[in-house]
> 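My questions all concern the structure below.
Each ligand, and each atom within it, is numbered from 1 in the order the structure gives. Keep in mind it's a predicted model, so treat the numbers as computed, not measured.
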Amino acid sequence: MMWILFLLFIFSCNKKEEKVLTYQEVKALFKERGCTNCHDMRRNLVGPPFVSIAQRYKNNKDAEKILFKSLKDGSCNKWVNDCMPKQNLDKKEAKAMIRWILNLEP
Ligand code: HEC
């Protein structure tokens, strides 16, 4: 009897566990979600290159929070005389993308 409860417990834990997105999956998301229409890894397009974003927020301990807000609400005049419209992302995706960007080597 105990064994059955134990197995049920393990099973329910596994189900709740969120799947972590891999490096390649996040990379593909930038394209799927349209980010690459305005951002390149290294070149200026409409928005700043991802490596420059990593560079600028390198020593900012609030970086994840700030960038999360920019994606959720949009951002104006920090980089260019223009705005990034708010991005329609789920929370998990947004966070994975932000960590991915911040981990880039300049
Ligand atoms: C329509 C063009 C456009 C699209 C689409 C777009 N961006 Fe941006 N992005 C910009 C512009 C322009 C800026 C600079 C905003 C500013 O100067 O405040 C920016 C800034 C940023 C920043 C820095 C924000 C900050 O607070 O410093 C991040 C991170 C970012 N974009 C990520 C993304 C991601 C991830 C996506 C896709 C989900 C995306 N962007 C889609 C145009 C875009």
> Between atom CH2 of Trp100 and atom CD of Glu25, what is the distance when rounded to the nearest 0.5 Å?
13.5 Å
> Everything protein-side that's N, O or S and under 2.8 Å from atom 8 (Fe) of ligand 1: list it, residue and atom.
His39 NE2, Met84 SD
> Out of Phe68, Phe30, Tyr57, Phe50, who gets a non-hydrogen atom closest to atom 25 (C) of ligand 1?
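It is Tyr57 that holds the nearest heavy atom.
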> What residue and heavy atom of the protein are closest to atom 28 (C) of ligand 1, and at what distance?
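Of every protein heavy atom, Ile53 CD1, 3.6 Å lies nearest to atom 28 (C) of ligand 1.
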> I need the Thr22 OG1 to Lys27 NZ distance, nearest 0.5 Å.
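These two atoms lie 11.5 Å from each other.
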> If I take atom CD1 from residue Ile66 and atom CD from residue Glu64, how far apart are they, to the nearest 0.5 angstrom?
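Ile66 atom CD1 to Glu64 atom CD measures 11.0 Å (nearest 0.5 Å).
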> Could you tell me whether ligand 1 has any atom less than 4.0 Å away from a heavy atom of Leu89?
yes
> Please work out whether any backbone atom (N, CA, C, O) or any side-chain heavy atom from C-beta onward of Ile98 is under 4.0 Å from ligand 1, and answer side chain, backbone, both or neither.
neither
> Is Cys83 near ligand 1, meaning one of its heavy atoms is under 4.0 Å from it?
yes
> Quick one: side chains of residues 72-80, donor-acceptor pairs under 3.5 Å with protein atoms, not counting sequence neighbours, listed by atom name and distance.
unit_1: Asp73; atom_1: OD2; unit_2: Lys69; atom_2: NZ; d: 3.1
unit_1: Lys78; atom_1: NZ; unit_2: Ser70; atom_2: OG; d: 3.4

> Under the side chain to side chain donor-acceptor pair (under 3.5 Å) rule, collect the residues that match up with Arg33, sequence neighbours excluded.
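Once residues adjacent in sequence are excluded, the partners of Arg33 under the side chain to side chain donor-acceptor pair (under 3.5 Å) criterion are Glu93.
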> Kindly give the cluster partners of Val46, where membership spreads through any ILVMFWY side chain lying under 4.5 Å from a current member.
none
> Looking at CG of Leu21 and CZ of Arg99, how far apart are the two atoms once the value is rounded to the nearest 0.5 Å?
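If we round to the nearest 0.5 Å, Leu21:CG and Arg99:CZ are 10.0 Å apart.
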> Measure the distance from atom 17 (O) of ligand 1 to every protein heavy atom, then report the residue, atom name and distance (to 0.1 Å) of the closest one.
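Protein heavy atom with the smallest distance to atom 17 (O) of ligand 1: Trp79 N, 2.6 Å.
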> Can you tell which part of Val80 has a heavy atom less than 4.0 Å from ligand 1: side chain, backbone, both or neither?
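Both backbone and side chain of Val80 come within 4.0 Å of ligand 1.
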> Is there a path of hydrophobic side-chain contacts, each under 4.5 Å between heavy atoms of I/L/V/M/F/W/Y residues, joining Met41 to Tyr57?
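Linked within one cluster.
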> Quick check for you: to the nearest 0.5 Å, what is the distance between Leu67 atom CG and Asn60 atom CG?
8.0 Å
> Which of the numbered atoms in ligand 1 are below 4.0 angstrom from a heavy atom of Gly34?
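Ligand 1 atoms under the 4.0 Å threshold to Gly34: 5 (C).
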> What distance separates Leu102 CG from Gln55 CD, expressed to the nearest 0.5 Å?
12.0 Å
